[in-house]
Amino acid sequence: MTGFATRAIHAGQDPDPHSGSVIVPIHATSTFVQDGVGELRNGYEYSRGANPTRTALETCLAALEGGRFGRAFASGMAATDVLLRAICRPGDHLVIPDDAYGGTFRLIDKVLRSWGIEYTAVSQSDLPAVRAAMRPTTRVLWCETPSNPLLAIADIAALAGIAHESGARLVVDNTFATPYLQAPLGLGADVVLHSTTKYLGGHSDVIGGALITDDAEVDEQVAFLQKSAGAVPGPFDAWLTLRGIKTLAVRMERHCDNAERVVAALQTHPTVGDVHYPGSETHPGHEVAAKQMRRFGGMVSFTVRGGAEAALAVCARAQLFTLAESLGGVESLIEHPGRMTHASTAGTQLEVPPDLIRLSVGIEDAEDLIDDLRTALG
Ligand SMILES: *Cc1c(COP(=O)(O)O)cnc(C)c1O
């Protein structure tokens with residue numbers, strides 16, 4: 001297998017055999033000509049089922065995660081919904097992280113629960129607690145590492161062992177780490193999920209999701225639901241995501257460099273409380289992160305002294321760090337999880353600290369980012 005950056009630029013992206021176009025064309029078509037009834041030219045029939053631009057993206061995603069099967073979706077949540085409905089039936093049980101992505105938690109708690117799915121939320125860095133939460137009906141152990149927004153680290157290989165002992169599958173939401181920094185399938189995970197909206201797309205200009213697996217049974221169910229429910233990305237969206245992926249390796253190196261500089265500045269600032277970054281030697285998950293990740297990513301969260309009011313004021317004063325939800329783009333973003341991305345967890349077991357601020361550290365000049373944070377912190 002070629003190196004990561006080579007795969008990102010070439011996997012699934014051979015020059016177009018018809019025109020010679022070096023870049024995969026945007027196949028803006030809903031349907032494909034048949035040479036006779038049921039005689040498809042290149043296997044394409046109707047774009048909900050498959051479209052060549054989407055195929056290029058799916059092939060590339062599978063190559064990046066080192067999996068046999070890749071499927072692209074209209075959003076990360078569409079991928080999550082399809083995956084859980086592909087694997088679970090009413091009465092089945094899930095074990096999810098107690099700091100799961102807010103949208104994932106909302107889908108499971110508000111939508112899938114009414115469909116008869118049960119769940120237990122536990123801290124995934126607490127392996128005995130995870131093991132104790134597994135039931136005979138548990139179909140999926142869901143893992144996010146690093147987690148959102150607290151950057152907790154879960155040991156993927158250990159979780160795979162626990163899932164498989166119970167006859168369940170381990171799903172890893174690899175959105176924060178990206179396949180450049182972490183390869184869950186190689187550590188024993190059964191399925192990798194992405195919100196390609198974030199680092200894979202990388203430019204905050206397109207929403208998308210993906211599922212990658214080596215498990216033919218799961219992929220067959222996923223492909224069936226992808227086609228039957230139709231939450232697919234259009235060819236323009238698939239093309240934009242593919243364009244973003246080409247630079248993933250260089251972007252991630254710079255995101256990591258800048259995050260390390262920002263963390264060092266925050267750690268010595270008098271109004272900053274806890275800084276959460278798995279690259280810090282004091283982070284409780286540092287050792288596991290160092291074992292399973294190439295570097296530690298571009299996401300950082302921290303608390304400020306003075307509670308929610310102080311945290312909101314810092315978000316309001318930041319200039320270069322744009323106040324917005326989402327993450328993983330070239331530009332730096334700041335947000336208040338308690339009032340923004342994680343507002344739906346208020347009053348639940350998954351509620352986040354009110355004085356927490358989350359940064360998506362972009363690839364601007366590190367000095368400018370640090371100056372902006374110092375001003376915002378006052
Ligand atoms: C954004 C995100 C999702 C959801 O993806 P969408 O593309 O917004 O639907 C899922 N998991 C994580 C970790 C995310 O950051």
Side-chain angles (χ1 to χ4, degrees), residues 75-77 79-80 94-109 119 121-125 141-154 156 159 171-179 181-182 184 189 192-202 204 207-210 252 255-256 259 262-263 274-280 283-285 288-289 292-293 296-303 311 315 321 323-329 332-346 348-362:
S75 70
M77 292 320 306
T80 305
L94 314 174
V95 174
I96 64 171
D98 65 359
D99 56 355
Y101 173 69
T104 304
F105 176 68
R106 182 175 54 203
L107 178 71
I108 292 169
D109 185 58
Y119 70 87
V122 289
S123 160
Q124 303 223 324
S125 33
L141 172 54
W142 192 273
C143 165
E144 263 182 70
T145 182
S147 74
N148 180 19
L150 290 169
L151 287 309
I153 297 295
I156 296 173
L159 290 177
V171 176
V172 176
D173 181 336
N174 206 26
T175 300
F176 270 38
T178 81
L181 298 178
Q182 178 171 277
V192 170
L193 177 132
H194 279 285
S195 166
T196 60
T197 311
K198 315 295 167 52
Y199 289 103
L200 292 174
S204 306
I207 299 277
M252 290 316 295
H255 280 295
C256 293
V262 161
V263 165
D274 300 322
V275 180
H276 304 286
Y277 187 64
S280 304
H283 186 288
V288 173
Q292 68 190 17
M293 297 178 78
F296 305 100
M299 298 302 296
V300 177
S301 65
F302 62 100
T303 58
C315 292
F321 275 88
L323 180 62
E325 297 197 356
S326 199
L327 60 112
S332 293
L333 301 178
I334 189 167
E335 69 116 0
H336 185 266
R339 294 271 179 94
M340 294 170 66
T341 49
H342 289 64
S344 64
T345 64
T348 73
Q349 196 186 344
L350 287 84
E351 187 166 333
V352 295
D355 54 356
L356 187 76
I357 293 173
R358 189 186 78 179
L359 303 177
S360 172
V361 180

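All values reported here derive from a predicted model rather than from experimental measurement.
Under the side-chain contact (heavy atoms from CB on, under 4.5 Å) criterion, Ser204 pairs with Glu331, sequence neighbours left out. Checked against side chain to side chain donor-acceptor pair (under 3.5 Å), Ser280 has the following partners two or more places apart in sequence or in another chain: Gln267.
Distance check: Ile156 CD1 to Thr145 OG1 gives 5.5 Å after rounding to the nearest 0.5 Å. The line from CG of Leu181 to NE2 of His255 is 10.0 Å long, rounded to the nearest 0.5 Å. A distance of 8.0 Å separates OG1 of Thr178 from CE of Met293, quoted to the nearest 0.5 Å.
The shortest non-hydrogen separation linking Leu327 to Leu333 is N-CD1, 4.1 Å. Of all heavy-atom pairs spanning Arg358 and Thr341, the tightest one is NH2-CG2, 3.9 Å. Closest non-hydrogen pair, Phe296 versus Cys256, comes out as N-SG, 4.1 Å. Contact record, Leu356 with Pro337: O-CD, 3.3 Å, taken as the closest heavy-atom pair. Ile153 approaches Gln292 most closely through the heavy-atom pair CG2-NE2, 4.0 Å. Residues Pro354 and Ala311 share a closest heavy-atom pair of O-CB, 4.1 Å.
Gln124 and Ser147 form no side-chain donor-acceptor contact under 3.5 Å, judged by distance and modelled atom types alone.
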- Go through the steps for Glu335 and Leu359 under the test side-chain contact (heavy atoms from CB on, under 4.5 Å), then give the verdict. CA-CA 7 Å; Glu335 69 116 0; Leu359 303 177; over 6 Å; no
- Task: Could you give me the CA-CA distance, side-chain angles and deciding distance for Leu94 and Trp142, then say whether side-chain contact (heavy atoms from CB on, under 4.5 Å) is met?
- Result: CA-CA 7 Å; Leu94 314 174; Trp142 192 273; over 6 Å; no
- Does the pair Asp173 and Val171 meet the rule for a side-chain contact (heavy atoms from CB on, under 4.5 Å), with working shown? CA-CA 7 Å; Asp173 181 336; Val171 176; over 6 Å; no
